[in-house]
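In what follows, every chain begins at residue 1, and chains take the letters A, B, ... in the order their sequences are listed. Values in this document were obtained by computation on a predicted structure and should not be read as measured data.
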Amino acid sequence: MAGTALVLEGLTKRYGTLAPAVDALSLTVQPGEFIGLLGPSGCGKTTTLRMIGGLIEASGGRVLVDGRDVTALPPHRRDMGIVFQNYALFPHMDVAGNVAFGLEMRGMKRGEIAAKVEAALDLVRLGHLAKRRPKELSGGQQQRVALARALVIEPSVLLLDEPLSNLDAKLREEMRAEIQDIQRRLGITTIFVTHDQAEALAMCDRIAVMAQGRIAQLGTPHDIYEHPASEFVADFVGRSNRIAGHAADGRLNIGDLTIDAPAPVAPGPVTVMIRPHRIAFTAGGAGWNEVRGSVRRVTYVGDVLACEVTAGGAVFLVEQPTQPGVPPPEAGAEVCIAWRVADTLVFPRETA
Amino acid sequence: MRLPGLLLGPALLVNLAIFIAPMANLAALSFHEARPSGGVGPGPTLATWASIAEDEYYVELVTGSIGVALGVTVLTLLAGYPLALFIHRAAPRWRNLLMVACISPLLVSAVVRTYGWMVILGDTGLVAAMLRFLGMAKPPRMVFNLTGVVIALVEILMPTMILCLLAGFGRLNASLEEAAASLGAPRWRVFTRVVLPLSLPGVLLGCLLAFVLTVSSFITPKLLGGGRVILLATEIYDQAIVTLNWPVAAALSVLSLAVFGLALLLYGRLLRVVEA
Ligand SMILES: Nc1ncnc2c1ncn2[C@@H]1O[C@H](COP(=O)(O)OP(=O)(O)OP(=O)(O)O)[C@@H](O)[C@H]1O
Ligand SMILES: [Mg+2]
C-alpha cells in the first residue's frame, strides 16, 4: 500500500512555565496506518495533532514525513488534511465551495474540481446540500462537510480531531465504517483523536493512550484492552472492577479473600482489576479464581444482567449476557463467581 | 400600538422637532431665490437649483468633494486595516489596551488635531525638517493645499475606521485561517480568499463612515486648506455666512444629504452581497 510514514520524535509543547501540554512524545506511524490518540480531556491530543499539522510550533522535537523533516514547514506545504474539532468551515462559501477550496489551491481545473467535489459530497451523503451555507447545516452535517473537505485533497496524512463527536449514534456508526473504508482504500496514514474508547477500539490499527502529554501505552486495540500497561489505561479503556489489595507470597489478598495472580508479583500494595463481563456465575476450576459471596443488587436490562456481589469485604460487578430460561439471581442470594486467573490485572499501587 | 412602539414616542417627537422640521425648512429654502444683501425672495421657484446646475463651479464642487472623499476613504482604509487586523488578532489582554491606544485620539477634538498637523506639516515643521535632513532641497508644500487636508483627514478618521473594522471582523477567526492553510493555501491566498472576504462587512461600514465624515468635514479643510481646498461643507459655510446666499447654501445642503443617501443605499446593497 502506498502510504506515508510519519514519525514523531520527542515532540514537546510548553505553554509558559506550566507543565508541558505535550511532553517528549515519540511515535512511529507505519505507512497507511490508522492510529488513534485516545485520552481524557486536556491530555494533549489536540496539541499533538496541531504540531503534526504545523498549526502550532513545537517547543522541541521533530516531525518526519517519509523520513523528511517537516518540523519547520508551514502548514500549507505539509500536505496534511485536517478535520478540526470545531469544523472551521468557511462561512462565506457554500458547502461545495468549502470542499473545492483545497483543490483550487492545488491549481486543479474547474471541471475536475466539480467532479471531485461531487464525489466527495456523495461519500459523506451530502450531495443534496451542496448549495447550502455552513450556518444552514446541523452540527453533524457540518462535521461531514469538514471531513469531505479534508479527504477530497487526498492528503498524505489525515489528521482527525474528534470528527464524529457530534453525530447521533446511528450516523456515527455509519461514518466510522465510512472513514475506515476510505482510509483503507486510499491508504492514507491517519491520526484519529478521540476520547471515546469504544470508537478507538473499533476503528484503529493501533492506539496510543495518552495521559498528561505522554503516551501511557501504544498497542493494538487487543493489546490495550487485554494487557493494559497501567492502572490508568485499564481504567480508561473499557470498564473494570477496581479493588485495593495486597500482594504477599506470590498471591493476592483482597479483604478476607486470597486469589491467584497471573504472573509473579512483588509484595506490597496492589490494585486488582477485573473486567465485569469476564466474571461468570460458575464454580471455577484449574486456572480460575473463584470466590463465594452474596448478591447485593441486580440490574436486569434484557440482554445484559449486571449484579453487584459482595465477597470478603470487596464488591464485584458481574456482567453476563442473559440466558434463556435462567431467572436472574435475587438480591441476598449466595452465589459463586469465578474468572480466569489470566483475566486478573494486577498493578502495583503507590502508597500515599 | 403596543408598549415598545409607545416608548419610541418621545424620541420620535424630539427628532421631529429638532431634526426633521429644520431639514424640511432647509429643503424648502432651496426653492427660493436669493436677494441682494442676504434677503430671500418669495417662492417656490427652481431658479436657485437651475443656477447651481448650470454653474460649472458647483458641478465641480460636488464631483470634487466626492473625489476627495473617496480618496481619503481609501487611504484611511489602507492605513487602518493592518492595525485593525493586528488588534483583532492580539491576545485578549493586549487587545483592550491596543484598542484604547488606537481610539484615544478621539478624546482630542478635530480642531486641535488640525492645528497640530499645521505645525507638523508646516514649512518649518517636523516633516519638512526631516525631508531636508534626508537631503531634499525643497520639500513639497504640505499645508494650505489638498495634501495637508488629506493627510490630516486620514489621521483624524483612522480611529473611527478602526472601530468600524473591528466591529465587522466578527466572523473572522484563527481556526478558519488554519483550515485554509492546511488545505494548501499560502499566506497571501489565505488573506485574499478567507480574511478579506470575511472582513468586508467591517470594510464597508468603515468606508461609509469615512466617506460621509469627509464630505461633511469642515474644520480641517477650512484651516488646513488655506482657502484653496473647497469641499461641500466649507462652501455651504461660505454661502451661508460670508456671501449670505441662504438658498444656495440650502440647496448645497440638500445635495450633500442626497450624496449621503446614495452612499447609504450603496452600502446596503453591497452589505447584502458580502454577507450573503
Ligand atoms: N494556548 C494555550 N495556552 C495555554 N495552555 C494551553 C493552550 N492550549 C492548550 N493548553 C493546555 O494544554 C493541555 C492540552 O490541551 P489539548 O487541547 O491538547 O487537550 P485535548 O487532549 O485535545 O483535550 P479535549 O479532549 O478536551 O479536546 C490542556 O491542559 C490545555 O489547558
Ligand atoms: Mg482536543
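Looking only at heavy-atom pairs under 4.5 Å with chain B, the residue among A/Val152, A/Leu103, A/Leu89 that has the most is A/Leu89. When B/Val274, B/Leu200, B/Leu183 are compared by the number of non-hydrogen pairs under 4.5 Å with chain A, B/Leu183 comes out ahead.
Interface residue A/Phe84: only side-chain heavy atoms are found under 4.5 Å from chain B. There is no contact between A/Pro74 and chain B, counting heavy-atom distances below 4.5 Å. Only the side chain of A/Arg133 comes within less than 4.5 Å of a heavy atom in chain B; its backbone stays farther off. In this structure, chain B has a heavy atom under 4.5 Å from the side chain of A/Asn86, while its backbone stays farther away. With a threshold of 4.5 angstrom between heavy atoms, A/Arg106 approaches chain B through side-chain atoms but not through N, CA, C or O.
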Pairs under 3.5 angstrom only: tabulate donor-acceptor contacts from the side chains of residues 186-198 of chain B to other protein residues two or more places apart or in another chain.
residue, atom, partner, partner atom, Å
B/Thr192, OG1, B/Trp188, O, 3.3
B/Thr192, OG1, B/Arg189, O, 3.4
B/Arg193, NH1, A/Glu104, OE1, 2.6
B/Arg193, NH2, A/Glu104, OE1, 3.1

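Across every non-hydrogen atom of A/His76 and B/Gly184, the tightest pair is CB-C, 3.6 Å. Here the closest non-hydrogen pair linking B/Ser182 and A/Ile153 is O-CD1, 4.3 Å.
Contacts between residues 69-81 of chain B and chain A, counted as heavy-atom pairs separated by less than 4.5 Å, involve no residue at all. Residues of residues 149-180 of chain B lying under 4.5 angstrom from chain A, judged on non-hydrogen atoms, are B/Arg171, B/Ser175, B/Leu176, B/Glu178, B/Ala179, B/Ala180 by number. Listed in order of number, the residues of residues 50-71 of chain A that approach chain B to under 4.5 Å between heavy atoms are A/Arg50, A/Leu55.
Heavy-atom neighbours of B/Phe218 CZ from other residues, nucleotides or ligands within 6.0 Å: above the threshold of 12.
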